[in-house]
Amino acid sequence: MMSDFVQKVLEIVQKIPKGKVTTYREVARALGVPKGWRAVGQALSRNPHPVIVPCHRVIRSDGRLGGYKLGIRKKIQLLTSEGIEVRNGRINLKKFGFRFHNG
DNA sequence: TCATTGGCTATCA
DNA sequence: CTGATAGCCAATG
């Protein structure tokens, strides 16, 4: 069983449109916990819900991919497969960065 | 309950 | 940009 926090994280991550990516910070903010990025990453790592939740569309705020439960390599492969340009293991948030909240 | 960990973020050098 | 430090949140042992 998962806590409400995790449950919410999954729902938000699922809302990430294909071809775009978001950051742990944005997800945390969407949850109502702007300072819960740590918990977001923890929730995803502790709750392997691939297929159901496109966790690969969540990257770090500095533009890097961060990590992936199935392997960073897989993350890059999935992102690139969606049309996202991954340069040197990094992504241009200015171009693919998606925000739940306007602004 | 306390200590540790984790797919992090922001600041300083 | 890289490396190191401090900080905050939740789950696990």
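Just so it is clear: chains get the letters A, B, ... in the order the sequence lines come, proteins before strands, and each one is counted from 1.
For A/R60 and B/dT9, the shortest distance from a side-chain N or O to OP1 or OP2 is below 4.0 Å.
Distance check: A/L65 CG to A/I72 CD1 gives 4.0 Å after rounding to the nearest 0.5 Å. Interatomic distance, NZ of A/K18 versus OG of A/S81, reported as 7.5 Å (0.5 Å rounding). To the nearest 0.5 Å, the span separating CZ on A/R29 from CG on A/L31 amounts to 11.5 Å.
Counting atom types as modelled, A/Y24 pairs a side-chain N or O with a base atom of B/dG7 as donor and acceptor under 3.5 Å.
Not one N or O on the side chain of A/T22 forms a donor-acceptor pair closer than 3.5 Å with the backbone of A/V58. Under a 3.5 Å cut-off, the side chain of A/K74 and the backbone N or O of A/Y68 do not form any donor-acceptor pair. In this structure, A/N88 contributes its side chain and A/R90 its backbone to no donor-acceptor pair below 3.5 Å. Between the side chain of A/T23 and the main chain of A/E26, a donor-acceptor pair closer than 3.5 Å is present.
We find that CZ of A/F5 is positioned 13 Å from C1' of B/dG6, with the value rounded to whole Å. The separation between A/I12 atom CD1 and B/dG7 atom C1' is 16 Å, rounded to whole Å. If you take CD1 of A/I59 and P of B/dT9, they are 9 Å apart, rounded to a whole angstrom. Distance CG (A/L44) to P (B/dG7): 10 Å, rounded to an integer number of Å. In this entry the distance linking CH2 of A/W37 with P of B/dT5 reads 18 Å, nearest Å. Between the CZ atom of A/R46 and the C1' atom of B/dT5 there is a distance of 7 Å, rounded to whole Å. Separating the CD atom of A/E26 from the P atom of B/dA10 is a distance of 10 Å, rounded to the nearest angstrom.
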Under the side-chain contact (heavy atoms from CB on, under 4.5 Å) rule, what do A/F96 and A/I59 come out as? Steps first, then yes or no, please. CA-CA 11 Å; A/F96 302 103; A/I59 65 171; over 6 Å; no
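When DNA chain C is scanned in the 5' to 3' direction for atoms under 4.0 Å from non-hydrogen atoms of chain A, the outermost contacting nucleotides are C/dC1 to C/dT12.
Atom name P, nucleotides B/dG7 and C/dA6: the rounded distance is 22 Å, in whole Å.
Among the protein residues, A/V40 comes within range of no part of the nucleic acid, since none of its heavy atoms lies under 4.0 Å from any strand. Contact annotation for A/R29: no contact, since no heavy-atom pair falls under 4.0 Å across all strands.
Both A/D62 and A/A39 sit near DNA chain B, but only A/A39 has its closest nucleotide nearer the 5' end. A residue-by-residue look at A/R57 and A/R25 shows that A/R57 has its nearest nucleotide of DNA chain B further toward the 5' end.
Stretches of at least 3 consecutive Watson-Crick or G-U wobble pairs, with each checked distance under 3.5 Å, appear in DNA chain B as B:2-6 with C:9-13, B:8-13 with C:2-7.
Taking 4.0 Å as the cut-off between side-chain N and carboxylate O, A/E82 and A/R57 count as a salt-bridged pair.
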